[in-house]
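All of these numbers come straight from a predicted model, not from anything done at the bench.
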Amino acid sequence: MPGCSRPGSGSRRWSGYGVRGSTPFSRCRSGGRPVEKALSKRFKPLGARMVALALMIPLRTDMYVPVMMEIAIAVATTAPTHGYDVLLLTGEEGPDAVRRVTGSGLADAMILMDVELQDERLPLLRQTDQPSVLIGLPADTAGLTCVDLDLSATGALCVEHLAELGHRDVAVIGEAPAVYERHTGFAERTLDGLRTRARGSGVRVLHRPCGGGYDAMALTLARIFDERPATTGFVVQNESAVEPLLALLRQQGRAVPEDVSVVAICPDQVAVQASVRLTSVAVPAPEMGRHAVEHLVAKLDGRGSDEVVLIAPELTVRASSGPAPAAS
């Protein structure tokens, strides 16, 4: 934990915060990063004491933190209703974080996020008797309990909607390149589902990762129209790119949805607060957090078994999608 040494660990420090219902704990010191400061408003640092559930969120600069926080808050508010406390670990320690939890006695069970297809933490989870739940899907789910939005179906639903509106050239604006370099499950599965449905629908798909911010989006959009000038549909799986994309399309004189349609995979709050209300598939972050806790509690009580729980996607049509423009 920032600023707090664990007994018997020498100078080793934990990136962790603890919650127990609504009981506040005194802070050890403020985190140096803005993310840690935001976390500390909800999760108070935990001293040397027992907690029941460890929530592992490797907070990276290329992740959309508000969604991660929604899941974390759902875990933190659901666990006390079952009589459990929560330890939040935010470091990017990979397998070492699992070893710390299993070897420390600080937690009885684990919830892991930011799951990669070939996640290095999985062999340790399969070897330990300590119950765990993943929020996300690796390539091999054998011997694991996983909860996630059905992202393959999500990608398929997005391109199907655009295909039904007559769009035949669709660009996918994805997460930052590092997300794909890590083969993060949520991004890879969405893209796989989208491409598979596109092939069966006669839709050409161009995928381009995109960093956050206006400049990155400007470069990505220019590249898309250079490669596929006939693009009339966009699927966006990158919350930070939504508003820059809409602004750039306006600047180019491309009206939404008259000239181009945009479908996003994002929280409802992002979709309805955008400058054009977005047709979207919602990320059910609170539901994912609650399901993870409930399945973990069932395993702790001896009632649970290894299973994969996929939440069906729901697409809400708003103002950003419409019929493809007639070919000139």
Side-chain angles (χ1 to χ4, degrees), residues 15-17 19 30-44 55-79 86 88-92 111-116 134-136 147-149 151 154 158 173-180 182 184-187 189-190 209-214 216-217 235-247 262-293 311 313-316 318 320:
S15 294
Y17 297 84
V19 295
S30 298
R33 295 176 297 173
V35 165
E36 289 183 344
K37 291 180 180 178
L39 285 170
S40 67
K41 295 178 181 178
R42 180 74 190 185
F43 297 89
K44 301 299 182 182
L55 175 60
M56 299 182 186
I57 310 179
L59 291 176
R60 310 176 194 271
T61 57
D62 53 35
M63 302 298 291
Y64 187 67
V65 174
V67 169
M68 310 289 275
M69 282 300 301
E70 275 196 76
I71 296 173
I73 289 170
V75 170
T77 54
T78 303
V86 177
L88 179 64
L89 302 176
T90 61
E92 299 179 29
I111 297 174
L112 291 81
M113 296 175 58
D114 193 33
V115 177
E116 299 171 8
L134 306 181
I135 299 180
V147 174
D148 204 357
L149 173 65
L151 287 157
T154 296
C158 291
I173 298 173
E175 300 284 354
V179 173
Y180 298 95
R182 294 198 307 271
T184 306
F186 77 89
R189 289 182 181 278
T190 303
C210 183
Y214 182 91
M217 186 66 255
V235 176
V236 185
Q237 190 179 26
N238 182 334
E239 291 89 347
S240 299
V242 165
E243 208 53 54
L245 171 64
L246 295 174
V262 179
V263 178
I265 302 166
C266 64
D268 278 336
Q269 184 178 10
V270 173
V272 301
Q273 292 182 356
S275 54
V276 179
R277 289 168 61 89
L278 295 172
T279 295
S280 68
V281 175
V283 178
E287 189 176 356
M288 290 157 64
R290 288 193 299 270
H291 275 308
V293 171
I311 301 169
E314 296 182 8
L315 185 140
T316 302
R318 298 188 180 92
S320 69

query: What heavy-atom pair brings G211 and A216 nearest, and what distance separates the two atoms?
result: O-CB, 3.5 Å
query: With sequence neighbours excluded, what pairs up with D114 under the salt bridge (Lys or Arg N to Asp or Glu O under 4.0 Å) test?
result: R60, R182
- request: Determine whether P284 and L149 make a side-chain contact, defined as any pair of heavy atoms from C-beta on separated by less than 4.5 Å.
  value: yes
query: Do Q237 and T190 get their side chains close enough for a donor-acceptor pair, meaning under 3.5 Å?
result: yes
task: Taking the side chain as every heavy atom from C-beta outward, state whether M288 and M113 have any pair of such atoms under 4.5 Å apart.
output: no
task: Work out which heavy atom in A79 is nearest to a heavy atom in V86; give both atom names and the distance.
output: CB-CG2, 3.5 Å
message: Which residue is it: I111, L55, T77? I am looking for the one with a side chain to side chain contact (heavy atoms under 4.5 Å, CB included) to V293.
response: I111
- prompt: Do V281 and C158 have side-chain heavy atoms sitting under 4.5 Å apart?
  reply: yes
- request: Find the distance between CD (E287) and OG1 (T78) and round it off to the nearest 0.5 Å.
  value: 11.0 Å
query: Below 4.5 Å, heavy atoms only, C-beta onward: do V262 and V276 meet side chain to side chain?
result: no
- prompt: What distance do E239 atom CD and Q269 atom CD have between them, rounded to the nearest 0.5 Å?
  reply: 11.0 Å
- request: Please confirm whether the backbone N or O of T279 pairs with a side-chain atom of S320, one donor and one acceptor, at under 3.5 Å?
  value: yes
Stepwise side-chain contact (heavy atoms from CB on, under 4.5 Å) test for Y214 and E243: CA-CA 8 Å; Y214 182 91; E243 208 53 54; over 6 Å; no
query: Going by heavy atoms in the side chains, are Y64 and V283 under 4.5 Å from each other?
result: no
query: So V236 and I265, side-chain contact (heavy atoms from CB on, under 4.5 Å) or not? Walk me through it.
result: CA-CA 6 Å; V236 185; I265 302 166; over 6 Å; no
message: If the test is side chain to side chain contact (heavy atoms under 4.5 Å, CB included), which one of T184, L134, I135 qualifies with V115?
response: L134
message: Give me the atom names and distance for the closest heavy-atom approach of C210 to N238.
response: O-ND2, 2.8 Å
- request: Compare all side-chain heavy atoms of D148 with those of I311 and state whether any distance is below 4.5 angstrom.
  value: no
- line: Rounded to the nearest 0.5 angstrom, the OG1-CD1 distance for T90 and I57 is 8.0 Å
- prompt: A271 and R318: which non-hydrogen atoms are nearest, and at how many Å?
  reply: CB-NH1, 3.4 Å
- line: All heavy atoms of L246 vs all of S275, minimum pair found to be CD1-OG, 3.5 Å
- prompt: Less than 4.5 Å apart, any side-chain heavy atom of V235 and any of I173?
  reply: no
message: If the condition is ring pair (Phe, Tyr, Trp, His ring centres under 6.0 Å), which residues does Y180 pass it with, not counting sequence neighbours?
response: H207
task: Answer yes or no: is there a side-chain heavy-atom contact under 4.5 Å between S280 and V263?
output: no
- prompt: Rounded to the nearest 0.5 Å, how far does CZ of R277 lie from OG1 of T316?
  reply: 10.0 Å
- prompt: Which heavy atom in A74 sits nearest to a heavy atom in A285, and how many Å separate them?
  reply: CB-O, 4.5 Å
